[in-house]
Amino acid sequence: MSLPPGFLEELRSRTSIAQVAGRKLVWDARKSNQGKGDLWAPCPFHQEKTASFHVDDRKGYYYCFGCHAKGDAISFVRETENVSFIEAVEILAGEAGMQMPARDPKAAEKADRRSELVEVVEQAVQYFRLQLSTTAGAEARAYLERRGLSAEAQARWELGFAPQGWQNLWDHLRGKGIAEEKLMATGLAKPSSKEGGKPYDVFRNRIMFPIRDARGRAIAFGGRAMDPDDPAKYLNSPETELFDKSRVLFNLARAREAAGKGQRLVVAEGYMDVIALSEAGFGAAVAPLGTAVTEPQLQMIWRIAEEPVFAMDGDRAGVQAAMRVMDLALPLLEAGKAIRFSLLPDKQDPDDVISAGGPEAMEAQLAAAKPMVRLLWQRATEGKVFDSPERRAALDKDLRGSISAIRDPSIKRHYGEEVRHLREDLFGYSQKRNAPGKSGASGYGGGRRGSGARLAALPTASARASDLAKAESTEAWLREALVLAVLARHPAMIAEYEDHLLEHSFQDAELGRLAAALLSAPDGDPELQGHLEAKGCSGSLERLVSHAHLRIAPALRFDATADLVHQTVSETFAKLSAQRGCDREISEALDEFASREDEGLTWRLAQAAEARNQAERSFQEDKTEYEVADNGARLSRDERGALDQLLKGITFSKGESRGG
């Protein structure tokens with residue numbers, strides 16, 4: 001029945017979930033705080049001894065940290081008392097003193113109609129089950145046994161058999177008084193095209209798989225042909241008032257329960273795959289009904305598990321099916337919704353894998369499932385050669401087109417980063433960045449993965465020698481190198497900047513080792529060079545001080561004043577800190593833009609940029625005060641004062657002393 005707007009909100013506001021759940025639970029006195037409505041107890045939905053079931057009475061919900069059951073007072077009554085949603089509402093409304101609204105006659109009529117049709121399908125289930133045990137079903141039983149399904153397994157899955165003949169089921173159910181219209185409405189029979197012909201059974205000479213909805217009600221069938229020459233190996237019921245195949249998953253009710261107890265959700269391609277997986281211990285297994293996965297089905301899957309694994313058959317059709325799922329999922333991705341793909345060995349399905357290697361082999365395949373971004377990369381690169389700029393440009397265009405389908409800005413950005421990593425590995429760029437002496441502890445490629453085909457042309461000697469081509473010529477690297485070189489040249493200053501060195505994360509591994517060596521040196525050690533040699537870092541220091549951009553730094557001179565050294569090191573650390581803070585703010589803001597856009601984010605970015613710019617200016621600004629001479633030239637105020645004093649002491653009288 002339909003409920004008027006606001007009725008459920010009013011019911012929830014009048015209902016205490018602590019009181020509702022308290023009728024069936026014993027609260028843990030050590031963990032619970034009843035005054036604050038924070039209550040804990042052993043979960044009523046799975047066997048446990050510890051109190052992992054949490055009730056928040058103020059917010060009106062419960063959650064189990066063991067089996068992940070969650071809901072409100074209505075769902076608690078439904079699950080613990082095995083009643084329907086409306087029945088649970090009626091129970092709570094009676095306790096809260098609320099009058100249930102009158103039933104909508106049309107809605108009630110529709111619900112009654114569905115119940116009648118479900119009963120017809122249930123009777124067909126029993127008929128097919130009976131036929132499987134007869135002589136007519138002997139070949140079907142033998143086939144199921146060859147597939148590893150015992151009589152007990154066949155009973156668990158309510159498998160049946162539709163015998164040869166045009167009106168076997170029709171005659172059986174008509175003999176039970178079921179109206180012809182209902183047989184047609186459930187999709188069990190079709191009208192004959194022959195004039196005066198009697199309607200005929202849809203399923204004939206097929207092994208029958210009952211299809212049940214999320215509440216466990218039989219709503220349709222799938223049938224596997226026993227005749228190898230039958231053009232339709234698998235046949236589903238037509239769409240009816242009960243059955244919309246784009247919104248139903250085979251084994252959904254059982255899989256949801258198993259996933260709630262912690263099992264990995266596996267999406268297979270067919271009925272037998274699901275049955276084989278479940279019988280092998282993978283109870284959280286579902287399958288679409290003979291067609292590609294639809295958006296409603298994918299949303300149903302994500303409501304059960306945040307990261308399901310699609311186990312696809314190891315043939316071309318299975319790979320193509322995986323690609324279709326990927327294209328469907330890309331625009332729908334968001335935080336907490338992901339997919340992994342297990343592409344099985346060539347020409348094998350889950351049943352084959354389990355038969356050959358047991359549940360362990362299947363578990364290994366599922367554990368090795370790849371994230372969707374790797375499947376995206378595989379589709380773009382598999383079987384292709386990228387030995388020219390044009391082919392690489394085509395690859396970039398293909399990948400950009402796929403990633404552009406992602407609507408979530410944060411996920412789109414992460415996909416772009418991962419694809420850049422993979423691209424660098426393929427073209428050998430990550431190997432270059434990971435070469436000895438090169439910056440590689442952070443940034444793309446930095447040794448994260450193995451090698452790819454080095455297809456890029458080798459650079460010339462002059463290009464390799466240029467600062468533009470050197471990884472260490474980056475601005476951050478130069479600043480870090482300057483700090484370490486200056487402190488190594490003036491070791492008495494190391495102790496003053498010990499905290500900065502400890503807190504700063506150097507982007508280059510070699511610089512990090514040199515910083516650690518400086519920190520471990522005795523205070524003001526005059527024999528610092530020997531200490532660095534013992535730590536294996538003397539060569540690193542020599543490379544730093546010989547760098548073209550560092551050789552000219554005034555603070556690296558041995559006669560540099562303490563003030564100059566202090567100013568150089570302090571302001572360089574300030575610039576590094578400001579830049580990293582700005583980068584961090586930008587990264588966090590990009591993530592937050594996915595969910596909100598407001599002036600606060602803009603203000604944060606402006607403040608971060610201003611802090612960075614201020615740090616940049618502080619070292620570059622000339623703090624000298626000037627005066628402008630009559631000719632427009634700037635003259636230092638200090639120098640002008642000294643000149644004035646000198647002029648005052650100059651006289652033109654012979655024999656008089658200066659200044660006097």
Side-chain angles (χ1 to χ4, degrees), residues 17 21 24-28 31 39-56 61-72 75-80 82 153 156-157 212-216 249-269 273-288 293 297-312 325 329 333-342 344 350-351 353-354 357-372:
I17 190 171
K24 297 182 179 295
L25 302 175
V26 177
W27 304 121
D28 186 305
K31 296 180 68 175
L39 303 164
W40 296 81
C43 180
F45 303 119
H46 77 287
Q47 299 296 321
E48 66 168 359
K49 295 181 180 179
T50 58
S52 62
F53 186 81
H54 179 229
V55 170
D56 189 325
Y61 72 84
Y62 64 84
Y63 180 77
C64 176
F65 290 87
C67 69
H68 308 294
K70 58 184 177 181
D72 57 10
S75 58
F76 186 88
V77 172
R78 286 183 63 189
E79 298 297 331
T80 57
N82 194 27
R156 275 194 297 273
W157 291 92
R212 296 185 177 273
D213 63 11
R215 294 170 58 183
L249 291 165
F250 182 66
N251 197 44
L252 176 61
R254 292 176 177 176
R256 184 172 58 183
E257 180 181 354
K261 295 179 180 178
Q263 289 198 34
R264 179 195 292 114
L265 181 65
V266 182
V267 183
E269 292 191 63
D273 292 335
V274 168
I275 293 174
L277 285 165
S278 297
E279 291 297 311
F282 304 94
V286 297
V293 175
Q297 289 172 331
L298 185 56
Q299 296 292 2
M300 291 168 63
I301 290 167
W302 272 329
R303 283 196 289 272
I304 300 173
E306 293 184 345
E307 193 175 51
V309 176
F310 279 70
M312 315 306 289
V325 172
L333 293 176
E334 58 186 66
K337 290 183 178 180
I339 294 175
R340 299 184 82 88
F341 290 90
S342 175
L344 302 181
D351 193 11
V353 173
I354 294 169
E360 298 79 10
M362 192 66 218
E363 175 60 32
Q365 292 288 336
L366 297 176
K370 63 178 66 176
M372 193 158 66

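All figures in this text were calculated on a predicted structure; none of them were measured in a lab. Residue indices begin at 1 and follow the sequence shown.
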| message | Going by the rule ring pair (Phe, Tyr, Trp, His ring centres under 6.0 Å), which residues pair with Trp302 if we only count those two or more places apart in sequence or in a different chain? | response |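 In terms of ring pair (Phe, Tyr, Trp, His ring centres under 6.0 Å), with neighbours along the sequence ignored, Trp302 is linked to no residue.
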Compare every heavy atom of [Y] with every heavy atom of [X], then report the nearest pair and how far apart it is.
X      : Y      : result
Ala268 : Leu277 : CB-CD1, 4.0 Å
Gly283 : Ala258 : C-CB, 3.7 Å
Ser52  : Gly66  : OG-N, 4.0 Å
Gln365 : Val353 : CG-CG1, 4.3 Å
Pro308 : Val267 : CB-CG2, 4.4 Å
Ala276 : Ile354 : O-CD1, 3.6 Å

| field | Passing candidate, ring-ring contact (aromatic ring centres under 6.0 Å, His included) with His54, options Trp27, Tyr62, Trp40 | value |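 Going through the options one by one, the only one that passes is Trp40.
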Just verifying a value: how many Å separate [X] [atom1] and [Y] [atom2], rounded to the nearest 0.5 Å?
X      : Y      : atom1 : atom2 : result
Glu257 : His46  : CD    : NE2   : 12.5 Å
Leu252 : Gln297 : CG    : CD    : 10.0 Å
Arg340 : Met372 : CZ    : CE    : 11.5 Å
Leu249 : Ile304 : CG    : CD1   : 7.0 Å
Ile339 : Leu298 : CD1   : CG    : 5.0 Å
Leu265 : Leu366 : CG    : CG    : 10.5 Å

| request: Please work out whether the ring planes of Phe45 and Phe53 are parallel, tilted or perpendicular, with thresholds of 30° and 60°. | output: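 Answer is perpendicular, since the angle exceeds 60°.
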| request: Could you tell me how the ring of Phe310 sits relative to the ring of Phe341: parallel (under 30°), tilted (30 to 60°) or perpendicular (over 60°)? | output: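 Phe310 vs Phe341 ring planes: tilted.
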| query | Stepwise, does the side chain to side chain contact (heavy atoms under 4.5 Å, CB included) test hold for Trp157 with Val274? | reply | CA-CA 11 Å; Trp157 291 92; Val274 168; 4.2 Å; yes
| task | Please tell me if the side chains of Arg254 and Arg212 come closer than 4.5 Å, counting only heavy atoms from C-beta onward. | result |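 No, side chains not in contact.
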| So, Ser75 side chain and Asp72 main chain: donor-acceptor pair closer than 3.5 Å or not? |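 Judged by distance alone, yes, a pair lies under 3.5 Å.
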| query | Is a side-chain donor or acceptor of Lys31 paired with a backbone partner of Ala51 at a separation under 3.5 angstrom? | reply |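 Confirmed, Lys31 side chain pairs with Ala51 backbone.
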| Does CD in Glu306 sit with more than 12 non-hydrogen atoms of other residues, nucleotides or ligands closer than 6.0 Å? |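 Atom CD in Glu306 is not packed in, count stays at 12 or less.
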| request: Could you tell me whether Arg264 and Glu363 make a salt bridge, using a distance below 4.0 angstrom between a side-chain N and a carboxylate O? | output: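 A salt bridge is present here (some side-chain N lies under 4.0 Å from a carboxylate O).
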| request: Show your working on side chain to side chain contact (heavy atoms under 4.5 Å, CB included) between Arg256 and Val286 and close with a plain yes or no. | output: CA-CA 9 Å; Arg256 184 172 58 183; Val286 297; over 6 Å; no
